[in-house]
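Just below is one structure, and these are the notes that go with it.
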Amino acid sequence: MTYHILNGDCLAEQLGQTSIDGKLIVCAECLIDGDLSGDTLSEFWETRATFLSDSYSATKDEYFTKVVTAFDTILTLPEDAEVNLWFENDLFCQANMWFVMSLLSDSPPKTLYRIFPVIENPKDEWKGFGASDTHALEMAYQSRVMINSEDIQLGASLWRAYKHGELETLKELSRQSSRAFQQLKDVVQAHIDRFPGGNQPGRPEIAIRQLIEHTSTDFGIVFTEFSKHHGIYGFGDNQVRQMFDKIMGRD
């Protein structure tokens, strides 16, 4: 059986228009945002459900029904499954993919692939699969890269360091070479730049403040410009809105 672990519902809709067969599993988390604490997986789910229900529109019941159920499926994949990881290179997607790889690391599937977006225009570098038509998605699938046990363990190690805020360890790990990752050094550095130390604002907050001061106080314009120039973060409007409101004194 072939399984496709996807970075979101939009990609699931896009793949539905292709000739690519297999069961779709949507990773509907945003692990670049919020509390990641929990010594066990059950504690981690409870932490995430609480954070997301407090910060977003989803309820805890919805989180367990939709999100945790999908991850439970990943944890119980058959040994002979062929698994394809459809994740982009930005920090948002990478944090989620590292987590998925950590779940797969104890009992890795015999056949595991990473699928990268096909980017023809450099300006679309961080648009990922969102810039792909049916043909580009099928090309991406045909160009998939096999992931070996060392790649899986690297992903799991990246997740552990990320979860515990071990920035120096993350930086060291990002120096490792792996066909399963692209632009890993840049993505990890972008994450480290979120936490400069002391009371100093991080790189995303500085960028948003500069946009507010020099471009516009309209959130839609700020979000568009931030995404254009800082797409490496992969932030959605919820993450940018939180920083925008804080800077505007609306939090």
State whether the number of non-hydrogen atoms from other residues, nucleotides or ligands found under 6.0 Å of [X] atom [atom1] is greater than 12.
| X | atom1 | answer |
| --- | --- | --- |
| E168 | CD | no |
| K171 | NZ | no |
| D218 | CG | yes |

Spacing of [X] atom [atom1] and [Y] atom [atom2] [to the nearest 0.5 Å]:
| X | Y | atom1 | atom2 | answer |
| --- | --- | --- | --- | --- |
| T111 | N84 | OG1 | CG | 9.5 Å |
| M248 | R209 | CE | CZ | 10.5 Å |
| L104 | S149 | CG | OG | 13.0 Å |
| E225 | Q210 | CD | CD | 13.0 Å |
| N7 | I115 | CG | CD1 | 11.0 Å |
| E213 | I208 | CD | CD1 | 12.0 Å |

How close do [X] and [Y] get, heavy atom to heavy atom, and via which atoms?
| X | Y | result |
| --- | --- | --- |
| A12 | L24 | O-CD1, 3.9 Å |
| C27 | V100 | SG-CG2, 4.2 Å |
| S102 | A156 | CA-CB, 3.8 Å |
| D21 | T2 | O-CG2, 4.0 Å |
| D90 | G231 | CB-O, 3.6 Å |
| S216 | V222 | O-CG2, 3.3 Å |

Side chain of [X], backbone of [Y]: donor and acceptor closer than 3.5 Å?
| X | Y | result |
| --- | --- | --- |
| Y162 | L31 | yes |
| D237 | F223 | no |
| R114 | F87 | yes |
| T69 | F64 | yes |
| R48 | C30 | yes |
| E88 | P117 | no |
| Q14 | S132 | yes |
| S53 | T50 | yes |
| E205 | G202 | yes |
| K163 | G38 | yes |

Heavy-atom side-chain contact between [X] and [Y] under 4.5 Å:
| X | Y | result |
| --- | --- | --- |
| I232 | Q183 | no |
| R179 | D151 | no |
| V145 | F116 | yes |
| M101 | L85 | yes |
| L41 | L103 | yes |
| W98 | L173 | no |
| H191 | L167 | yes |
| H230 | L211 | no |

Please work out whether the ring planes of F129 and W86 are parallel, tilted or perpendicular, with thresholds of 30° and 60°.
tilted
In the single-linkage hydrophobic clustering (I, L, V, M, F, W, Y; side-chain heavy atoms under 4.5 Å), do [X] and [Y] co-cluster?
| X | Y | answer |
| --- | --- | --- |
| I206 | F244 | no |
| L112 | M1 | yes |
| V187 | V240 | yes |
| M139 | L11 | no |
| Y113 | L184 | no |

On the six-membered ring of F219, is R241 placed so that its NZ or CZ lies under 6.0 angstrom from the centre and within 45° of the ring axis?
yes
After noting the C-alpha distance and the side-chain angles of L52 and E29, does the key distance pass the side-chain contact (heavy atoms from CB on, under 4.5 Å) rule?
CA-CA 9 Å; L52 291 169; E29 251 286 10; 3.9 Å; yes
Check step by step if side-chain contact (heavy atoms from CB on, under 4.5 Å) holds for T215 and I221.
CA-CA 8 Å; T215 304; I221 295 174; 4.1 Å; yes
When you look at F99 and F71, which way does the ring pair (Phe, Tyr, Trp, His ring centres under 6.0 Å) test go after all the steps?
CA-CA 10 Å; F99 177 61; F71 286 121; 5.1 Å; yes
Is a side-chain donor-acceptor pair under 3.5 Å present for [Y] with [X]?
| X | Y | result |
| --- | --- | --- |
| E150 | S178 | no |
| Y63 | E46 | no |
| N89 | Q182 | yes |
| Q242 | N238 | no |
| S37 | D35 | yes |

Checking side-chain contact (heavy atoms from CB on, under 4.5 Å) for the pair I25/L77: CA distance, chi angles, key distance, verdict?
CA-CA 11 Å; I25 305 172; L77 291 172; 4.2 Å; yes
Let's go through Q94 and L158 carefully: what are the C-alpha distance in whole Å and the side-chain angles of both, what is the deciding distance for side-chain contact (heavy atoms from CB on, under 4.5 Å) to 0.1 Å, and is it a yes or a no?
CA-CA 10 Å; Q94 284 300 291; L158 286 162; 5.9 Å; no
